[in-house]
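Note that the structure is a prediction, hence the values are computed from the model and not measured.
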Amino acid sequence: MTSTQAEIDRTRLGTLSVLAWIGDPAEGHDMPYLLAYSLGDGPQGPAAAEEAARALLAENKLSVGDKVEDGRDDPSGFPVQIVLADNQVALTLPGLNATCTVPDEWVEAASESGQAYFLFATRPWPEAVPGRPVDAVTLQAFAGDEEVLATSAHCLLAVRRLKH
């Protein structure tokens with residue numbers, strides 16, 4: 001008899017949200033960023049959401065910490081993928097899909113560089129409710145927090161475009 005890893009209960013994540021911004025001019029261009037996070041509003045609360053996020057990342061062989069996974073060379077074989085169509089980004093992981101509206105500046109930066117920096121935060125962020133703007137100070141306080149960064153998955157992803 002063989003045992004298999006139990007499938008992750010995605011409902012424990014609660015509401016999954018994605019936020020986009022640009023920053024950190026490097027190599028002559030701005031880097032487009034995507035941040036995926038849970039609101040921690042699942043039926044078992046924020047601690048279960050964090051545990052589910054860690055399990056999801058482990059299931060997809062994405063490390064948490066300061067290692068940046070590079071999915072640019074083989075985007076089809078990498079577990080995280082993004083596709084850009086006009087000002088919409090579709091983010092996919094096995095078993096999860098999310099979309100995010102991005103500003104023109106994000107589209108321009110992604111088109112120029114052909115890549116995006118993706119973070120999947122395991123720590124819930126209940127203050128960043130979808131549909132409400134997040135100001136730069138609030139974003140910096142969360143996405144720049146050393147503990148958040150140390151407990152997030154970091155990936156460089158190829159930005160693929162939807163062909164019309």
Side-chain angles (χ1 to χ4, degrees), residues 8 10-58 60 62-69 71 79-93 95-159:
I8 296 163
R10 307 248 192 277
T11 62
R12 294 179 59 209
L13 276 172
T15 305
L16 182 69
S17 191
V18 179
L19 186 69
W21 77 95
I22 59 168
D24 290 343
E27 299 176 27
H29 60 81
D30 286 331
M31 176 64 80
Y33 286 87
L34 285 176
L35 169 65
Y37 58 93
S38 168
L39 295 182
D41 59 353
Q44 298 171 343
E50 185 168 349
E51 185 180 295
R54 286 180 177 276
L56 174 69
L57 294 171
N60 287 291
L62 296 172
S63 62
V64 171
D66 59 0
K67 180 181 179 193
V68 179
E69 306 280 345
V80 184
Q81 298 180 20
I82 55 174
V83 177
L84 178 63
D86 298 321
N87 287 73
Q88 293 288 313
V89 170
L91 168 71
T92 60
L93 283 96
L96 282 178
N97 297 309
T99 59
C100 177
T101 301
V102 296
D104 292 337
E105 298 81 17
W106 197 98
V107 174
E108 186 178 316
S111 296
E112 184 177 316
S113 68
Q115 65 184 0
Y117 194 105
F118 171 68
L119 294 108
F120 195 117
T122 60
R123 180 197 282 178
W125 192 18
E127 298 81 16
V129 177
R132 279 196 250 160
V134 175
D135 63 51
V137 172
T138 304
L139 174 61
Q140 177 62 32
F142 183 80
D145 181 278
E146 287 189 30
E147 187 177 326
V148 171
L149 291 171
T151 59
S152 295
H154 300 257
C155 306
L156 280 172
L157 302 175
V159 176

Flag side-chain contact, heavy atom, 4.5 Å: [X] against [Y]:
| X | Y | result |
| --- | --- | --- |
| Asn87 | Trp106 | no |
| Leu57 | Thr122 | yes |
| Cys155 | Leu62 | yes |
| Thr92 | Val80 | no |
| Ile22 | Pro103 | no |
| Leu56 | Phe120 | yes |
| Ile82 | Val159 | yes |
| Leu13 | Leu96 | yes |

Output yes when Glu147 and Arg123 qualify as a salt bridge under the 4.0 Å nitrogen-oxygen rule, no when they do not.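 A salt bridge is present here (some side-chain N lies under 4.0 Å from a carboxylate O).
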Could you work out, with side chain to side chain donor-acceptor pair (under 3.5 Å) as the rule, every residue matching Gln88, not counting sequence neighbours? Thr101
Asp145: partners by side chain to side chain donor-acceptor pair (under 3.5 Å), with sequence neighbours left out: none
So the ring-ring contact (aromatic ring centres under 6.0 Å, His included) pairs with at least one residue in residues 32-58 (sequence neighbours excluded) are Trp21-Tyr33, Tyr33-Tyr117, Tyr37-Trp125
For Asn97, does the CG atom sit with more than 12 other heavy atoms under 6.0 Å from it, leaving out its own atoms? yes
Other residues, nucleotides and ligands only: do more than 12 of their heavy atoms fall within 6.0 Å of CD on Glu127? yes
Run the side chain to side chain donor-acceptor pair (under 3.5 Å) check on Ser63 and Glu69 step by step: do they pass? CA-CA 8 Å; Ser63 62; Glu69 306 280 345; 2.9 Å; yes
Candidate pair Asp41 and Thr15, rule side chain to side chain donor-acceptor pair (under 3.5 Å), full reasoning: CA-CA 6 Å; Asp41 59 353; Thr15 305; 2.7 Å; yes
CD/Gln44 to CD/Glu51 distance, rounded to the nearest 0.5 angstrom? 8.5 Å
